[in-house]
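Scroll down for the structure; my scribbles are underneath it.
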Amino acid sequence: MAAPRDGAPHYADVEPGLELPPLTIRLTRLDLIRYAGASGDFNTIHWNERIATGVGLPGVIAHGMLTMAQAIRVVTDWCSDPAAVLEYGVRFSRPVLVPDDDEGAELTVSGVVEEKLDGGLVAVTLTATSGGERVLQKARALVRLP
Amino acid sequence: MPLNPDFLGRALPPSAPYQVGIEKIREFADALGDANPAYREEAAARALGHPAVLAPPTFPIVMTMAIGRPLVHDPELGLDYSMVVHGEQRFRYTRPVYAGDVLVGRPQLTELRTIGRNESLTWEAAISTADGEPVVVVSTTLVSRGTAAPRGE
């Protein structure tokens with residue numbers, strides 16, 4: 001790896017409890033359609049109200065994988081080299097409901113360094129909320145810092 | 001109907017090769033609204049020490065569904081997709097995915113569990129280059145709602 005960019009965190013300077021800069025993202029119906037096309041996941045509950053409510057959902061929901069992809073941006077924005085993320089896992093606990101309006105849903109993600117491990121690794125825990133509810137559980141990344 | 005326990009541990013041969021295109025990576029980053037230049041410009045990726053533009057951490061999901069289809073959609077497994085919700089997802093990297101990679105994935109069903117009336121199924125896609133260099137292991141847990149056998153049956 002090349003030398004880290006200016007401002008990128010170094011392992012030696014990071015301590016447990018360090019809070020990463022949080023991120024707030026808006027997700028509209030158009031964002032879901034764009035993600036469907038980019039990912040190849042065309043499950044109808046992510047773009048069709050009739051189908052979504054027909055299977056008992058309150059409405060169209062975001063792809064869990066879209067929420068997961070947005071949440072890790074707290075880490076990749078922080079450490080500047082996205083390849084620093086060696087492991088990333090989540091449990092999908094609640095769906096992100098995306099209303100059919102111009103505002104869409106708000107997703108807020110925060111991250112905290114939970115643990116320093118050997119080999120330049122740190123464990124980061126992520127918290128993702130929408131509509132006042134946690135939408136991910138056990139969201140954790142292993143990150144290698146220079 | 002409960003899932004077929006004979007599938008625990010089942011592995012299938014590698015998928016057809018997937019060619020990672022730079023425009024696909026850019027499209028994926030665009031869909032996230034993520035302006036990170038390492039996902040777009042080769043010079044930016046090289047400045048970080050990479051040989052090519054790299055993909056966002058969850059990008060391998062683009063190829064993962066096709067890898068798992070022959071395993072997870074095998075009628076003998078008995079998974080009713082209308083009852084399925086995505087439970088958990090995990091990526092474990094050996095190295096990043098780069099534009100220009102030609103990747104294959106070997107699917108294996110690694111865990112079957114019953115949790116009350118629900119069942120959960122975990123399968124892994126071990127993704128490597130076509131030459132056999134390990135890249136990432138993608139682990140997917142699906143929850144099948146209400147399909148476990150009632151107790152005492």
Side-chain angles (χ1 to χ4, degrees), chain A residues 1-5 8 23 25-27 30-43 45 54-57 61 63-73 75-77 79-93 95 136-144 146, chain B residues 18 23-39 44-51 53-66 69 81-98 120 122 136-143 145:
Chain A
M1 296 287 143
R5 287 188 210 169
L23 191 62
I25 294 153
R26 289 219 154 265
L27 293 175
L30 178 58
D31 293 317
L32 306 196
I33 289 165
R34 193 176 279 133
Y35 183 78
S39 69
D41 182 348
F42 292 98
N43 192 329
I45 61 171
V55 298
L57 292 166
I61 62 169
H63 305 73
M65 288 307 303
L66 173 55
T67 305
M68 183 180 187
Q70 296 290 11
I72 197 65
R73 287 176 59 190
V75 176
T76 55
D77 286 354
C79 60
S80 81
D81 184 356
V85 177
L86 298 188
E87 263 190 60
Y88 177 36
V90 305
R91 174 184 285 172
F92 302 103
S93 49
L136 301 176
Q137 298 284 347
K138 297 200 322 181
R140 193 169 187 263
L142 269 187
V143 183
R144 179 179 284 148
Chain B
Y18 178 92
E23 297 297 352
K24 189 67 189 176
I25 292 175
R26 288 170 175 162
E27 180 192 5
F28 192 85
D30 281 346
L32 305 179
D34 190 333
N36 195 320
Y39 302 147
R46 285 189 187 280
L48 294 169
H50 299 293
V53 159
L54 66 154
T58 65
F59 178 85
I61 205 67
V62 168
M63 58 180 296
T64 297
M65 280 197 281
R69 198 165 291 124
Y81 240 79
S82 69
M83 306 305 289
V84 165
V85 293
H86 196 171
E88 297 183 29
Q89 188 66 44
R90 194 162 172 228
F91 299 85
R92 281 174 289 158
Y93 278 92
T94 304
R95 69 137 166 98
V97 169
Y98 291 120
S120 85
T122 300
V136 58
V137 175
V138 182
S139 170
T140 303
T141 299
L142 303 175
V143 177
R145 293 173 299 156

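Order of the sequence lines sets the chain letters (A, B, ...), proteins ahead of strands, with each chain counted from 1. Basis for what follows: all heavy atoms, side chains included, without hydrogens, waters or symmetry-related copies. The structure displayed is predicted, hence computed values, not measured ones.
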Under 4.5 Å to a heavy atom of chain B? For A:Val55 that would be neither
* Please examine the side chains of A:His63 and B:His86, heavy atoms only from C-beta on, and report whether any two atoms are closer than 4.5 Å. => no
Under 6.0 Å between the ring centres of B:Phe28 and A:Tyr35?
yes
Applying a strict 4.5 Å limit to non-hydrogen atoms, the region of A:Asn43 in contact with chain B is neither
**Q.** Over 12 non-hydrogen atoms of neighbours within 6.0 angstrom of CZ in A:Arg144
**A.** no
May I ask you to decide whether A:Arg91 forms a salt bridge with B:Glu88, counting only side-chain N to carboxylate O separations under 4.0 Å? yes
When the 4.5 angstrom heavy-atom criterion is applied to B:Tyr81 and chain A, the contacting part is neither
If one checks every heavy atom of B:Pro57 against chain A at 4.5 Å, the contacting part turns out to be side chain
Practice item. Could you tell me whether a side-chain N or O of B:Tyr18 sits under 3.5 Å from a main-chain N or O of B:Thr64, the two making a donor and an acceptor? Key: no
If you tally heavy-atom pairs under 4.5 Å between each of B:Leu32, B:Val62, B:Asp30 and chain A, the highest tally belongs to B:Leu32
